Amino acid sequence: MVDLLQPVEMARLSLRNRLMRSATAERLSEPDGTPMPELADSMGALARGGVGLIVLGHTFVRPDGKASRGMAGLWRDDQIPAFSRIARAVHEAGGAIAVQINHAGRQANPEYCGGQPIAPSGLDATEWTPVAREIRVQEIPGLICSYAQAARRVKEAGFDAVQIHAAHGYLIGQFLSPHANRRQDAWGGPLEARAEFLRQVAGAVRAQVGADYPVLIKLGLADFIEGGLSLEDGLQVAGMLESIGIDLVEISGGAGAGNSRERVRDIEDEGYFLPWAREVRRVTSLPLAVVGGMRSRSLMQRALDEGVSDLISLSRPLIREPDLPRKFAEGRSERATCISCNLCSKNSHEPTRCWVA
Ligand SMILES: Cc1cc2nc3c(=O)[nH]c(=O)nc-3n(C[C@H](O)[C@H](O)[C@H](O)COP(=O)(O)O)c2cc1C
């Protein structure tokens, strides 16, 4: 029997328990992405709350990939010291921390990313996204290189791992999606071609960080939009991950909206990606983390007992209760008090916090 709150060695990481803080944009960085001191303080507090592994919110790998105000960015070597302070704050509190590296592609915000966003294909504007410029084929190696250089900086800054963001409709998700990727060249068309960008990013990241450094991925298994990535294709991608050097897969889904579901009221609403985790188990032997509406300790433990997941990943509950793991350990809570209202996500111009009294 594995215990949610007992230490574990996994994916080249030593963790004090199986609770993970899923990447959550903290919005506590300067306009160029350099973390403000408050970000290190906030991650230190989270670590003191007892979570096993923290994943820092998505961090842009170059300025044209910036999605929102306050987003962290790690695209210059002189930013490394500010990130090191975050890693130190977490380590001093006995925790472990990874950085999620990302390029927002067409979900970059023109106000913050220096102009028109770039994307695999130039599509019409949507509620979420302006018209993007199609990435020229000769620009692709430079983009891949920016992920790899960001990963190198993550390692140099003293973090325990790097996580590649391949979910929620950002650049890697856009390449994977037949809806967002209409390219006719070697980077579009059949799944093999749509997955080539991810494959090359993973390879370049691995080449920079070396064979022993943990490389994690957050994978969106399906887009929830017509013509988007299907679950069948998402599972094929999951099946490729081991061969491209990934150490652990966190399962999510939804291009843009859909990953942070509202109205997680009863235990029946909880763990909405658990059914997908069961499918992913069949196609890979990599360790899995599952996110999405995990709220009750009993459900988390059951997911471990049934072998559905190896780590339990939480975002919104830890915004409201950074010390939830400690409360579980001390028997002071059996269920997160987060009501999944998404005000934390909607108030996107402010540093991230819980808005419910
Ligand atoms: C305020 C906020 C910021 C988020 N930022 C990120 C992010 O930077 N990277 C990411 O992969 N997911 C992000 N997410 C999604 C969460 O990590 C998580 O996948 C989703 O909220 C479902 O988990 P939960 O029910 O535990 O909140 C964010 C969610 C919220 C509410």
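These numbers come from the heavy atoms of this one structure, side chains and all, not from hydrogens, waters or symmetry mates. Counting starts at 1 for both ligands and their atoms, in listed order. Everything quoted here is computed from the prediction, not taken from an experiment.
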Within ligand 1, which atoms have a heavy atom of C344 less than 4.0 Å away? 1 (C), 31 (C)
Numbering as shown, the atoms of ligand 1 that approach H168 to under 4.0 Å (heavy-atom distance): 10 (C), 11 (O), 12 (N), 15 (C), 19 (O)
Between S340 and ligand 1, find which residue part has any heavy-atom pair under 4.0 Å and reply side chain, backbone, both or neither. neither
Go through the steps to decide whether I101 and V201 satisfy the test side chain to side chain contact (heavy atoms under 4.5 Å, CB included), and finish with yes or no. CA-CA 11 Å; I101 55 172; V201 165; 5.7 Å; no
Parallel, tilted or perpendicular: which fits the ring planes of W187 and F197, with parallel below 30° and perpendicular above 60°? perpendicular
Enumerate the atoms of ligand 1 whose separation from the nearest heavy atom of L314 is less than 4.0 angstrom. 26 (O)
Is it true that Y272 lies under 4.0 Å from ligand 1, counting heavy atoms only? yes
For the side chain of S121 and the backbone of L123, is there at least one donor-acceptor N/O pair under 3.5 Å apart? no
State if Q100 counts as touching ligand 1 under the rule of any non-hydrogen atom under 4.0 Å. yes
For ligand 1, does K218 get within less than 4.0 Å through its side chain, its backbone, both, or neither, judged by non-hydrogen atoms? side chain
Evaluate S345 for polar contact with ligand 1, using N/O atom pairs at a separation under 3.5 Å. no
Does T24 approach ligand 1 within less than 4.0 angstrom via side chain, backbone, both or neither, non-hydrogen atoms only? both
Using a 4.0 Å heavy-atom cut-off, say whether T352 meets ligand 1 through its side chain, its backbone, both or neither. side chain
Side-chain donor/acceptor of R88 to backbone N/O of G158, under 3.5 Å: no
Is a donor on one side and an acceptor on the other found under 3.5 Å between the side chain of N342 and the backbone of S260? yes
Salt bridge check: are E270 and R302 linked by an N-O gap of less than 4.0 Å? no
One finds that the ligand 1 atoms under 4.0 Å from a non-hydrogen atom of V291 are 18 (C), 19 (O), 23 (O)
Would you mind telling me if ligand 1 is within reach of the side chain of H165, the backbone, both or neither, using heavy atoms under 4.0 Å? side chain
So is A167 in contact with ligand 1, going by heavy-atom distances below 4.0 Å? no
So, R320 and T337: side-chain donor and acceptor under 3.5 Å apart, yes or no? yes
Any heavy atom of R353 under 4.0 Å from ligand 1? The part involved is neither
Please lay out, stage by stage, how K346 and E262 fare under the test salt bridge (Lys or Arg N to Asp or Glu O under 4.0 Å). CA-CA 12 Å; K346 287 170 192 155; E262 294 185 23; 3.0 Å; yes
Do any nitrogen or oxygen atoms of G293 lie less than 3.5 angstrom from nitrogen or oxygen atoms of ligand 1? yes
Examine H58 against ligand 1 and note whether any of their N/O atoms are separated by less than 3.5 Å. yes
N17 side chain vs G50 backbone, donor-acceptor pair below 3.5 Å: yes
Distance from E156 atom CD to Q208 atom CD, nearest 0.5 Å? 8.5 Å
One should read off an interatomic distance between N259 CG and D223 CG, to the nearest 0.5 angstrom, of 11.5 Å
M294 contact mode with ligand 1 (heavy-atom cut-off under 4.0 Å): neither
Protein residue, atom and distance nearest to atom 30 (C) of ligand 1, heavy-atom basis: S315 OG, 4.0 Å
Among G292, C338, A23, G220, which residue places a heavy atom closest to atom 13 (C) of ligand 1? A23
Ligand-side contact atoms (ligand 1) for residue partner P317, heavy atom cut-off under 4.0 Å: 26 (O)
What verdict does the side-chain hydrogen bond (donor to acceptor under 3.5 Å, both in side chains) test give for S14 and E9, after you've listed the backbone C-alpha separation in whole Å, the side-chain angles of each residue and the deciding distance to 0.1 Å? CA-CA 5 Å; S14 292; E9 305 268 325; 3.0 Å; yes
Which heavy atom of the protein is the closest neighbour of atom 27 (O) of ligand 1, given with residue, atom name and distance? R316 NE, 2.6 Å
Which one of S68, A25, S260, A336 has a non-hydrogen atom at the shortest distance from atom 4 (C) of ligand 1? A25
Between the side chain of S309 and the main-chain N/O of V290, is any donor-acceptor distance below 3.5 Å? yes
Sole residue of F60, Y147, Y170 in ring pair (Phe, Tyr, Trp, His ring centres under 6.0 Å) with H165: Y170
Using a 4.0 Å cut-off to any heavy atom of S22, which atoms of ligand 1 qualify? 17 (O)
Is the terminal nitrogen or CZ of R353 (NZ for Lys, CZ for Arg) located under 6.0 angstrom from the six-membered ring centre of W355 and within 45° of that ring's axis? yes
May I ask whether R295 has any heavy atom positioned less than 4.0 angstrom from an atom of ligand 1? yes
Give the residue and atom name of whichever protein heavy atom lies nearest to atom 22 (C) of ligand 1, and the separation in Å to one decimal. N259 O, 3.4 Å
S252 versus ligand 1: do any nitrogen or oxygen atoms come within less than 3.5 Å of each other? no
